[in-house]
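Notes follow once the structure below has been shown.
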There are 2 protein chains.
Amino acid sequence: MAGSSRLTGAGDPEATGSPATRRRATILDVAAAAGVSRQTVTRAINDMPGISVETKRRVLDAASTLAYRPSRFGRGLVTGGDSQLGLVVSDLTNPYSPELAAAVVRRAAAEGWSVSLVDIGLAGSADRLLHSLHAQVDVIVGYLGEWALGWESRFGATPLILLDAGADSPHAGINLNPAAAIEDLAAHFVAVGTRRPVVLDASEPHATSGRGSAMMGALERRGLSPELVHASASTPEHASAVTAQVIRRATPPDAIFAFNDLMALGVLSACRHAGLDVPRDIRVAGVDGLTIGGLVAPTLTTLAVDFDEVARHTLELAVALGDRRPDIDLHRVVSHRLVLRESA
Amino acid sequence: MAGSSRLTGAGDPEATGSPATRRRATILDVAAAAGVSRQTVTRAINDMPGISVETKRRVLDAASTLAYRPSRFGRGLVTGGDSQLGLVVSDLTNPYSPELAAAVVRRAAAEGWSVSLVDIGLAGSADRLLHSLHAQVDVIVGYLGEWALGWESRFGATPLILLDAGADSPHAGINLNPAAAIEDLAAHFVAVGTRRPVVLDASEPHATSGRGSAMMGALERRGLSPELVHASASTPEHASAVTAQVIRRATPPDAIFAFNDLMALGVLSACRHAGLDVPRDIRVAGVDGLTIGGLVAPTLTTLAVDFDEVARHTLELAVALGDRRPDIDLHRVVSHRLVLRESA
DNA sequence: CTGAAAGCGCTTACAG
DNA sequence: CTGAAAGCGCTTACAG
C-alpha cells in the first residue's frame, strides 16, 4: 500500500482493505464511456425514439459496465416524480395493521402512488421516523396518536390524514363508526336468548372505550344488565386471563363481546381450555373483521371494518391534499358491519 | 367566468369550477414573500444556526402562508437522501407477508432506511409496479418469482435480493432451510408414538414441495410409512377439505404435517368439525411460525422462520449492494426452528 | 440521428 | 447575520 494515493489519514478504517465504496456513476460518466452526449444516454436508458440501434447498444453496454442507475432525485426534479404516501401504523404485529396496509397498498398501486410503511410503535424512535418519513412522502396517513399534536409547527405543511382520531380533529381524517353494527349485534344477542352478557373492554386508563359503552347501552336498552370488565392490557393473553376468571363463576356469562378480534381470540382460547363449547355454552364476538377470524374454529362473529372503503377514502383525500385542493369533505366516516359467523 | 384569464380551451374540464391545482411553492417563492434570499429560507426551514430569531419567524410565517414544502428531489439531489428499500411480497393478505414486512420495517428503521411496500400479486399490474418501484428505491428485496427472470436486461443495475429463490440463483438471496427442523419434528412424531402420519402438501403442479418430500423422507427413515396428499390449492379452505376426506377413513391418520401454518389452521378447523380432539386423536403441525399459531386453540406446533434473522440479512445485503460493495457473501441461509405447542 | 443550452429545487461552501 | 455563486443529476425543448 505504500505510495498508493489516499485521501484519508493512516488511521482511517475506510482507507484499508477491499474495494472501497466507489462514487456512483452518473449520466455523464456513461456518456463519456460511450463517447456520446448525455441526452443520447437519456434516450437509450429511457427507451426513447431518435437514436440508432447501434448507438443505443453502445450506450447500454457502457451503462451496464459502470452499473449506472439514474438518480431518482435528478430524474424526479425534472419529471415531478411519482406520488408517495406514508402509512403510519402503531403496531405491525397486530394483524389489524397489515390488513389495513394491504388495502391501502392495493388502492395506492391502482392510483399510481407508492406507499412507504412505518411502524411508529417502535421503541423510542417515533420522532426520528416521522421526521425522515415527512421528508420522503407527499402525504402522511395513519394512526399517529399523540404524535399528531403540534403537527403544524413540527412538520410544516405536510398533509396529514388521521385514522380514527375523532370527528373533532383539526386534521383531515377517516373515522370508524361501529354504532349501527353494535345495535345489530345487541339485537342478535337478544334474539338468540342471551341473558348474561359481558362486555370485555380494552385497558384504556380509567375509562371505557366508545364501543364498550355503546354496547353496554345497546344491551341495556334491550332490557339486559350487561357486565363491564376490563383487561389489564389489550392483548389476547390478558383477554384470556379475564375470561378464565369470569367463566369460573357460579353463574357465568352466556355471551362475551370483546374489544377487538385479537382479544376475542383470547376469549375463545380460554373457553376451550375451560371445556366450554362456543357458541352452545357461550357466545363470543369481536371487532375489526380480521381475516383470521374466518380461519379459526369456531369462526369468529365480528363487527368488520371495510378496509377497502377506508383505503378508498385515504387515496381520495391524499390526492386532493397532495394537489393542494382541499375543497372536498375532509372528514369521512366508515361504518362497521356485523358479520355473523359460528361463534355467535 | 367571462373575461377571466384562462390558459386552456373552453371545453377543458380543468378550467371549470373550484380553486384549481396551484403550482407548488418553491424556496424562491418563500424568499420573495419574506423579502430574504433563498439560503436564509434554508436556514429557517432546516433549523440551522446563523439566522436572527426575527428573520426566522418572518420566513416561517411566509412558508406557512404559502404552504411551502421542500421538494424531496431538490433536497435529495444535494444531500444524497435517505436509502430506500423496496419490499416485494406476493400476497399481503397471507399473514406470512406482514410478519416478514414487520421485521424488515423494524430493522430498516434501525438502519435509517425507508421501506416501500409492494404487493406483486395484484392483478396484472406486476410489471408496472416493478417499473415504478425500481425508479424509486435503491435496492429491491422480496419474493419476485418469475419476475426475477431477465432482471438485468429490464431493470439494469438495480440490486436485487431474492427471498427463498434457491441457492443456485444468480442474484443475491436469502434462502430458508427447513431440513433440520423437519428432522426434529419427525423425531418428535416418532417419540410420541405416531403411527399413520400424513403429509399435506401444497398444490405445486405435478410436483412435491421440498419440505413435503423432506418430511416424507424423514418419516420413512424412521420406519414409518407416511402418506402424501395434495391440496388442490394452498389455502386453509382446501386444506380443510382434504383433511375432512382423510379423517373420514376407516383408519384415519394420527398426525398431519401441513405445508404451512395457514393450511394447518384449515386442518385444525376440519378436525374440530369432525369432533376430533387435537392433539389427543390427531396431531397437527405447520410451517412458518406465524404469530396467529400461538393465538388459536389449540396452539399450533410449527417450524418457525426467524423473521428477524431474515430481516438482518436483508439489511446487511441491502447496505452492501447499495454501496456497490459486493465483497460479501451474497447467499445467506436461515434455518427453521421447531416450536412445539399444543397441537403436536 | 445527435448534441449544446437551460432549468427543475434545493444545499453547501464562501464572501461579505 | 445575510446573500451571490456553484453545482447536485437528470430531462425537455430546441438547433443542427
Side-chain angles (χ1 to χ4, degrees), chain A residues 22-60 62-63 66-84 132 134-138 156-158 324, chain B residues 22-60 62-63 66-84 132 134-138 156-158 324:
Chain A
R22 281 161 297 186
R23 185 179 65 82
R24 187 167 149 170
T26 73
I27 196 170
L28 256 17
D29 297 321
V30 178
V36 297
S37 70
R38 75 224 245 165
Q39 37 277 71
T40 294
V41 175
T42 281
R43 291 185 186 103
I45 294 289
N46 296 321
D47 219 34
M48 301 169 116
I51 180 174
S52 74
V53 283
E54 199 232 326
T55 305
K56 185 167 181 174
R57 229 191 89 82
R58 196 151 35 93
V59 172
L60 258 23
L66 296 173
Y68 169 69
R69 305 194 50 206
S71 153
R72 64 172 178 274
F73 301 113
R75 177 178 278 171
L77 200 50
V78 42
T79 65
D82 279 9
S83 295
Q84 201 126 4
S132 98
H134 125 270
Q136 315 233 334
V137 304
D138 299 292
T158 301
R324 313 181 9 75
Chain B
R22 280 161 298 186
R23 185 179 65 82
R24 188 167 148 169
T26 74
I27 195 172
L28 256 16
D29 297 320
V30 177
V36 298
S37 70
R38 74 223 245 167
Q39 36 278 70
T40 294
V41 175
T42 281
R43 292 186 186 101
I45 293 290
N46 296 321
D47 219 34
M48 301 169 117
I51 181 174
S52 73
V53 282
E54 199 232 327
T55 305
K56 186 168 180 174
R57 229 191 88 80
R58 196 150 37 93
V59 171
L60 258 22
L66 295 173
Y68 169 69
R69 305 194 50 206
S71 154
R72 64 171 177 274
F73 301 113
R75 177 178 279 170
L77 199 50
V78 43
T79 65
D82 277 9
S83 295
Q84 201 126 3
S132 98
H134 125 270
Q136 316 234 332
V137 304
D138 300 292
T158 301
R324 311 179 13 74

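Letters A, B, ... mirror the listed sequences (proteins, then strands); counts begin at 1.
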For A:Ser52, all residues meeting side-chain hydrogen bond (donor to acceptor under 3.5 Å, both in side chains), sequence neighbours excluded: A:Thr55
Could you spell out the base pairing of DNA chain C as a dot-bracket line? Use Watson-Crick and G-U wobble contacts where both distances are under 3.5 Å, [ ] for crossing pairs, | for partners on a different strand. |||.||||||||.|||
Going by the rule side-chain hydrogen bond (donor to acceptor under 3.5 Å, both in side chains), which residues pair with B:Arg58 if we only count those two or more places apart in sequence or in a different chain? none
Under 4.0 Å, heavy atoms only, any strand: does B:Arg69 hit a base, just the sugar-phosphate, or nothing? sugar-phosphate
Got a sec, which residues hit side-chain hydrogen bond (donor to acceptor under 3.5 Å, both in side chains) with A:Thr158, two or more places apart in sequence or on another chain? B:Arg69
Could A:Lys56 and A:Asp47 be called an ion pair, given the rule that one side-chain N must be under 4.0 Å from one carboxylate O? yes
So which nucleotide from D:dT11, C:dT11, D:dA4 ends up closest to the side chain of B:Gln39? D:dA4
Report the distance from atom CD of B:Gln39 to atom CG of B:Asn46, rounding to the nearest 0.5 Å. 12.5 Å
Does B:Thr26 have a side-chain nitrogen or oxygen under 4.0 Å from the phosphate oxygens OP1 or OP2 of C:dG9? no
C:dT12 OP1/OP2 closer than 4.0 Å to side-chain N/O of B:Thr79: no
Respond yes when some side-chain nitrogen or oxygen of B:Thr40 is under 4.0 Å from OP1 or OP2 of D:dG3, and no when none is. yes
A:Ile45: what forms a side-chain contact (heavy atoms from CB on, under 4.5 Å) with it, not counting sequence neighbours? A:Val41, A:Leu60, A:Ala63, A:Tyr68, A:Pro70, A:Arg75
Heavy-atom pair with the smallest gap, counting every atom of A:Val30 and A:Val59: CG1-O, 3.9 Å
Would a 4.5 Å heavy-atom cut-off, applied to side chains only, mark B:Arg72 and A:Asp138 as touching? yes
Determine: side-chain N/O of A:Arg75 to OP1/OP2 of D:dT11, distance under 4.0 Å, yes or no. yes
Can you tell me if B:Thr55 touches the phosphate of D:dT2, counting only side-chain N or O atoms and a distance under 4.0 Å to OP1 or OP2? yes
Has A:Ser71 got a side-chain N or O lying under 4.0 Å from the OP1 or OP2 atom of D:dG9? no
Report the residue (B:Ser37 or B:Gly74) whose heavy-atom-nearest nucleotide on DNA chain D is the more 5′ of the two. B:Ser37
Within residues 46-54 of chain A, residues whose heavy atoms come under 4.0 Å of DNA chain C: A:Gly50, A:Ile51, A:Ser52
Of the options D:dG9, D:dA5, D:dC8, whose atoms approach the side-chain atoms of A:Val78 most closely? D:dG9
Spell out yes or no: do the side chain of B:Arg43 and the base of D:dG3 have one donor N/O and one acceptor N/O closer than 3.5 Å? yes
Inter-residue atom distance B:Ile27.CD1 - B:Leu66.CG, 0.5 Å rounding: 12.5 Å
